[in-house]
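A short worksheet on the structure shown next.
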Amino acid sequence: MKNVDIQFLLRTLKNRYPDVKTQLVHQTPFQLLTATILSAQCTDRQVNQVTRHLFARFPDPAVLAAANLTDIKKIIYSTGFYNNKAKNIKACAQALLDRHDGQVPDDLDLLVKLPGVGRKTANVVRSAAFGHPAIVVDTHVLRISGRLGLTRSRDPVKVEFDLMKIIPKSAWSDLSLQFIYFGRDICDARKPKCDQCPLFDVCVFPGKKNTDTK
DNA sequence: ATCCCGAGGG
DNA sequence: CCCTCTGGAT
């Protein structure tokens with residue numbers, strides 16, 4: 001796409017966020033998958049607060065699939081979208097039993113077929129639970145990729161493929177997390193802190209705040 | 001008011 | 001493509 005210096009980009013983010021890892025507390029791939037479904041439009045802190053209780057009572061697919069839906073709703077209530085999420089995590093647990101012997105698959109196509117699991121969730125699980133390189137295109141990655149001129153698309157899938165072309169595979173997973181942290185504390189949606197941005201010089205975002213004096 | 005590591009349905 | 005689902009933090 002645009003000729004942003006990828007090496008500079010990776011170096012800068014690595015320097016700022018050296019050891020990125022998911023903040024979602026979990027002990028198994030199943031728990032990470034469930035926590036990630038719950039994380040839609042919700043902070044990780046909030047998710048961890050409810051999964052603490054959720055996993056204590058329903059630690060694995062067999063137990064969660066057999067759980068009472070209303071009980072699940074009560075526990076996950078504060079993560080928002082609780083009707084959909086409760087239905088999805090229960091159905092997902094059941095699907096894991098039916099199709100995968102209770103194990104979480106590491107295959108993207110199989111993951112995406114699970115209830116409540118979209119491409120973003122699938123890629124989180126692939127990278128965080130299985131160590132597979134994956135670009136996770138969430139709202140932050142979508143926005144920042146556009147602003148940095150790494151893609152011209154607004155379609156998450158196309159953005160994912162655009163990034164895969166220009167980013168070395170070894171950096172895929174870390175870069176996704178780094179963009180997310182970077183999006184939270186510098187390049188947020190409404191008022192990006194361009195005056196504090198380490199990538200200001202390579203950014204092509206037309207709306208960026210120019211602190212130049214001339 | 002606006003945002004948080006979205007997904008499913010029409 | 002759009003809409004809807006939703007509580008909590010700031």
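Quick note on labels: first sequence line is chain A, next is B, and so on, each numbered from 1. Predicted model, so just to flag it, every value in this text is computed and none were measured.
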Discussion item. Contact between Arg147(A) and Val204(A) at the side-chain level, heavy atoms closer than 4.5 Å - yes or no?
Written reply: no
Worksheet item: Can you tell me if the side-chain N/O atoms of Thr121(A) get under 4.0 Å from OP1 or OP2 in dA7(B)?
Response: yes
Worksheet item: Should Arg126(A) and Asp107(A) count as an ion pair when the cut-off is N to O under 4.0 Å?
Response: no
Worksheet item: How would you label the contact of Asp44(A) with the nucleic acid (heavy atoms, under 4.0 Å): base, sugar-phosphate, or nothing?
Response: base
Practice prompt. State the CG-CZ distance between Asp162(A) and Arg152(A), to the nearest 0.5 angstrom.
Written response: 9.5 Å
Response to the item:
Its contact letters, B for base, S for sugar-phosphate only and - for none at protein heavy atoms under 4.0 Å, make nucleotides 1-10 of chain C read ----BBBS--
Worksheet item: How is Thr36(A) classified with respect to the nucleic acid when contacts are heavy atoms under 4.0 Å: base, sugar-phosphate, or nothing?
Response: nothing
Worksheet item: Hey, what do you get for OG (Ser176(A)) to NZ (Lys120(A)), rounding to the nearest 0.5 Å?
Response: 10.5 Å
Show me the side-chain donor-acceptor pairs of residues 68-75 of chain A shorter than 3.5 Å, one per line, residues at least two apart or across chains.
from	atom 1	to	atom 2	distance (Å)
Asn68(A)	OD1	Thr70(A)	N	2.9
Asn68(A)	OD1	Asp71(A)	N	3.0
Lys73(A)	NZ	Asn83(A)	OD1	2.9

Discussion item. Please determine whether the number of non-hydrogen atoms from other residues, nucleotides or ligands lying under 6.0 Å from atom NZ of Lys193(A) exceeds 12.
Written reply: yes
Worksheet, complete the sentence: When rounded to whole Å, the CD1 to C1' distance for the pair Ile180(A) and dC4(B) reads 11 Å
Response to the item:
So, with a heavy-atom separation below 4.0 Å from DNA chain C, the residues of residues 18-32 of chain A are none
Worksheet item: Could you give the distance from CD1 (Ile144(A)) to CG (Asp138(A)), rounded to the nearest 0.5 Å?
Response: 8.0 Å
Every protein N/O lying under 3.5 Å from an N/O of nucleotides 8-10 of chain B:
from	atom 1	to	atom 2	distance (Å)
dG8(B)	OP1	Gly116(A)	N	2.7

Worksheet item: Does a sphere of radius 6.0 Å around CZ in Arg184(A) hold more than 12 heavy atoms from other residues, nucleotides or ligands, not counting ones at 6.0 Å or beyond?
Response: yes
Fill in: Separation between the C1' atoms of dT6(C) and dC4(B), rounded to whole Å
12 Å
Worksheet entry | Separation of atom CG in Leu33(A) from atom P in dA7(B), rounded to whole Å | 11 Å
Item to complete: Measure from NE2 on His140(A) to C1' on dC3(B) and round the result to the nearest Å.
Response: 8 Å
Worksheet item: Rounded to the Å, how far apart are Arg190(A) CZ and dC4(B) P?
Response: 10 Å
Practice prompt. Please name all residues satisfying side chain to side chain donor-acceptor pair (under 3.5 Å) with Asp185(A), sequence neighbours left out, ordered by chain then number.
Written response: Tyr17(A)
Practice prompt. Rounded off to whole Å, could you give me the CG-to-C1' distance for the Asp188(A) and dC5(B) pair?
Written response: 15 Å
Practice prompt. Taking the side chain as every heavy atom from C-beta outward, state whether Val202(A) and Leu199(A) have any atom pair closer than 4.5 Å.
Written response: yes
Item to complete: Take atom CG of Leu142(A) and atom C1' of dA7(B), then tell me their distance rounded to the nearest Å.
Response: 15 Å
Fill in: Contact list for residues 37-50 of chain A, test side-chain hydrogen bond (donor to acceptor under 3.5 Å, both in side chains), sequence neighbours left out
Gln46(A)-Ser78(A)
Worksheet item: Can a side chain N or O of Arg184(A) be found less than 4.0 Å away from OP1 or OP2 on dC5(B)?
Response: yes
